[in-house]
Amino acid sequence: MQEKLSIHGSWTNRWVFILAATGSAVGLGNIWKFPYITGENGGGAFVLVYLLCILLVGVPIMISEVLVGRRGRMSPINSMIETAKESDLSRRWGLVGWLGALAGFMIFSFYSVVAGWVLYYIAAMANGDFVDAGKAQVGATFENLLADPETMLIWHSVFVVLVMAVLVGGVNKGLERASRILMPALFLLLLLLLGYSFTTGHFMEGVTFLFHFSPDELSWEAVLTALGHSFFTLSLGIGAMIAYGAYMPKKASIGGTVLIIAVLDTLVALVAGMAIFPIVFANQLSAEAGPGLMFITLPVAFGQMAGGQVFGFLFFVLVGVAAWTSAISLMEPSIAWVVERFKVHRLIACTGLGLLGWGLGLLSIGSFNVLSDYTLLGMGVFDLLDFATANIMLPLGGLLVSIYVGWWMKRPALENELAIRNPFWFNAWYLAIRFIAPTAVAAIFALNLYNKLAV
């Protein structure tokens, strides 16, 4: 395939790509899920298994997605079509790109609702609403927010505008500029919160919860949890890495770059745990995962501590930045395709898709209040979108990419794009993408569906 550049532009250098891709990978799951599942499933033993899963599943698939993007130099949909043509394959492989772009768009619609909750809490922390507040009061605040569609609509709308304001600037003036500012800010805020956790007197308790080495707690279920999280944490299956790979400089090493991103993503999750759990334990509160940790437990903890209002505010700004950078990558694949397909300015593409995502988000907002009686398979719109994307579309997309790259793309194209000098490392990746990764993702796919649908 003749070397070409993306019509959308390209990253200035490799490190900008690393910042952008890390921003995509670092999201709410790093903060409210990974630290907890680590502590509950063997601590350091779980981390070792997780890192092994990252190396054998997450990294090979991420390398494959970046490879397809840089080879095709277009949106995920068109990159799949272009690379398929190069390997004398059907244009129908473009459907894999469609699956990813659609999944990203659907996730954005409800992810922006949750991010709206984060913006609400930033304002509430700044206002001192949680100072000396107990668990019942904070819990009531969260419940009242969910029952108030008008307030959720306001913050959901603000977040959508923030995301589109970055995307409309394109690769260099939008995505790159945001990554250069937001990611260093995220790292700085994380370090500030880590420093604050040292002052709680319970830092070692938090570290012990997170890193205690207990292989006896490492069940097969825990291994499957590590396997699943290793796939989802790197923003795989949504086309984001194909889109970002399309803007990657040709001379940059794909394999080495992806390894750095995986390490940074894992470090952020672990440092977040080291910052969060000492604060939780200092207030004799229970460690938990999910929205309960984020929107009830931690506000209570910050409200009871010296300087808690300031650091609680900084914490929710940190979470907001993580959500912002992730949401940007959710929408870039579909926006890039609209620009390519209809030859329109990014402003028009962002406005149109932003309004569609915002509109679908209204249904998610309503599922907590005015539309709560309307369900399908026992799930409201919010839960249904979450289920369809996390349990079906993302693993299916990752599975198809691994099969496409490992079994259908011509090997010379892969060798040319990866440019790995040592044949051992190429063969190791090739083995993983052909056999290990698709088998593991198929297992995630099947088990998630079984666990969700089994009566």
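Just the heavy atoms: all of them, side chains too, but no hydrogens, waters or symmetry mates, feed the values below.
Checking side-chain atoms of E65 against main-chain N and O of G239 turns up no donor-acceptor pair under 3.5 Å. Using a distance-only test at 3.5 Å, with no hydrogens or angles considered, a donor-acceptor pair links the side chain of Y121 to the main chain of F295. Judged by distance alone, the side chain of N30 and the main-chain N or O of T266 form no donor-acceptor pair under 3.5 Å. In this structure a side-chain-to-backbone donor-acceptor pair under 3.5 Å is present from W324 to L162. In this structure, S230 contributes its side chain and L227 its backbone to a donor-acceptor pair below 3.5 Å. Distance alone, capped at 3.5 Å, places no donor-acceptor pair between the T233 side chain and the H229 backbone. A donor-acceptor contact shorter than 3.5 Å is absent between the side chain of E86 and the backbone of A413. Between the side chain of R70 and the backbone N or O of K250 there is at least one donor-acceptor pair closer than 3.5 Å. Between the side chain of N391 and the backbone N or O of F387 there is at least one donor-acceptor pair closer than 3.5 Å. Although no hydrogens or angles enter the test, the distance criterion places no donor-acceptor pair under 3.5 Å between the side chain of S10 and the main chain of M248.
Within 6.0 Å of the CZ atom in F435, the count of heavy atoms belonging to other residues, nucleotides or ligands exceeds 12. Few gaps surround CZ on R411; more than 12 heavy atoms of other groups in view lie less than 6.0 Å from it. Surrounding CH2 of W407 are more than 12 heavy atoms belonging to other residues, nucleotides or ligands, all under 6.0 Å away.
Inter-residue side-chain proximity for S79 and R73 is flagged as unmet; no heavy-atom pair is nearer than 4.5 Å. In this structure the side chain of V317 reaches within 4.5 angstrom of the side chain of L189, judged on heavy atoms. Considering only heavy atoms from C-beta on, N172 comes within 4.5 Å of T12 through its side chain. Side-chain atoms of F187 and V268, non-hydrogen and from C-beta on, do get closer than 4.5 Å to each other.
With sequence neighbours excluded, no residue forms a salt bridge (Lys or Arg N to Asp or Glu O under 4.0 Å) with R434. Applying the side-chain contact (heavy atoms from CB on, under 4.5 Å) test to L347 and every residue at least two apart in sequence or in another chain returns V168, H345, T351. Under the ring pair (Phe, Tyr, Trp, His ring centres under 6.0 Å) criterion, F368 pairs with W117, F382, sequence neighbours left out. By the ring pair (Phe, Tyr, Trp, His ring centres under 6.0 Å) test, W98 pairs with W337, sequence neighbours left out. With sequence neighbours excluded, the residues satisfying side-chain contact (heavy atoms from CB on, under 4.5 Å) with S219 are E221, A222. Contacts of V271 classified as side-chain contact (heavy atoms from CB on, under 4.5 Å), with partners at least two apart in sequence or in another chain: L190, L194. For N13, the side chain to side chain donor-acceptor pair (under 3.5 Å) test picks out no residue, with sequence neighbours left out. Listed by chain and residue number, W93 satisfy the ring pair (Phe, Tyr, Trp, His ring centres under 6.0 Å) test with Y404 (two or more places apart in sequence, or in another chain). For S87, the side-chain contact (heavy atoms from CB on, under 4.5 Å) test picks out L89, M409, K410, with sequence neighbours left out.
For the salt bridge (charged side-chain N to carboxylate O under 4.0 Å, His left out) condition, no pair includes a residue of residues 100-110, sequence neighbours left out. The salt bridge (charged side-chain N to carboxylate O under 4.0 Å, His left out) analysis of residues 367-396, with sequence neighbours excluded, yields no pairs.
Side-chain atoms of H8 and E340 include a donor-acceptor pair closer than 3.5 Å.
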Please assess W429 against V405 for the test side-chain contact (heavy atoms from CB on, under 4.5 Å), listing each intermediate value before the final yes or no.
CA-CA 11 Å; W429 166 79; V405 173; 3.8 Å; yes
Please step through side-chain contact (heavy atoms from CB on, under 4.5 Å) for the pair F110 and T389, ending with a clear verdict.
CA-CA 11 Å; F110 67 85; T389 53; 3.9 Å; yes
Mind running side-chain contact (heavy atoms from CB on, under 4.5 Å) on L394 and F232 for me, showing each step along the way?
CA-CA 8 Å; L394 266 63; F232 294 114; 3.8 Å; yes
Step by step, work out the salt bridge (Lys or Arg N to Asp or Glu O under 4.0 Å) result for E82 and R71.
CA-CA 8 Å; E82 287 297 307; R71 195 75 178 168; over 6 Å; no
E332 vs Y247, side chain to side chain donor-acceptor pair (under 3.5 Å): CA-CA, chis, key distance, verdict:
CA-CA 12 Å; E332 176 61 20; Y247 316 142; 2.5 Å; yes
side-chain contact (heavy atoms from CB on, under 4.5 Å) between Y36 and I276, worked out:
CA-CA 10 Å; Y36 172 79; I276 288 170; over 6 Å; no
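In plain terms, the two heavy atoms of R14 and I260 that are nearest each other are NH2-CD1, 3.5 Å. In this structure, P149 and V370 approach most closely via the heavy-atom pair CG-CG1, 4.4 Å. For Y111 against G27, the heavy-atom pair with the smallest separation is OH-CA, 3.7 Å. In this structure, A323 and L28 approach most closely via the heavy-atom pair CB-CD2, 4.3 Å. Of all heavy-atom pairs spanning P333 and L330, the tightest one is CD-O, 3.7 Å. For the residue pair M152 and N369, the shortest heavy atom distance occurs at CE-ND2, 3.5 Å.
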Donor-acceptor pairs under 3.5 angstrom involving side-chain atoms of residues 39-60: please list them, not counting sequence neighbours.
from, atom 1, to, atom 2, distance (Å)
N41, ND2, I37, O, 2.7

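Proximity of the aromatic rings of F108 and W358 is defined here by a centroid distance below 6.0 angstrom, and this criterion is not met.
Here the CG atom belonging to L353 is positioned 12.0 Å from the CD1 atom belonging to I348, to the nearest 0.5 angstrom. Note that CG of L362 and OG of S109 are 10.0 Å apart. Values are rounded to the nearest 0.5 Å. Note: L188 CG to M183 CE = 12.5 Å, rounded to the nearest 0.5 Å. Within the model, atoms CG of L418 and CZ of F426 stand 6.0 Å from one another, a figure rounded to the nearest 0.5 Å. Rounding to the nearest 0.5 Å gives a distance of 11.0 Å between CG of L264 and CG of L259. Taken from CE in M331 to CD1 in I107, the straight-line distance is 12.0 Å, to the nearest 0.5 Å.
Aromatic ring orientation, W11 versus F17: tilted (interplanar angle from 30° to 60°).
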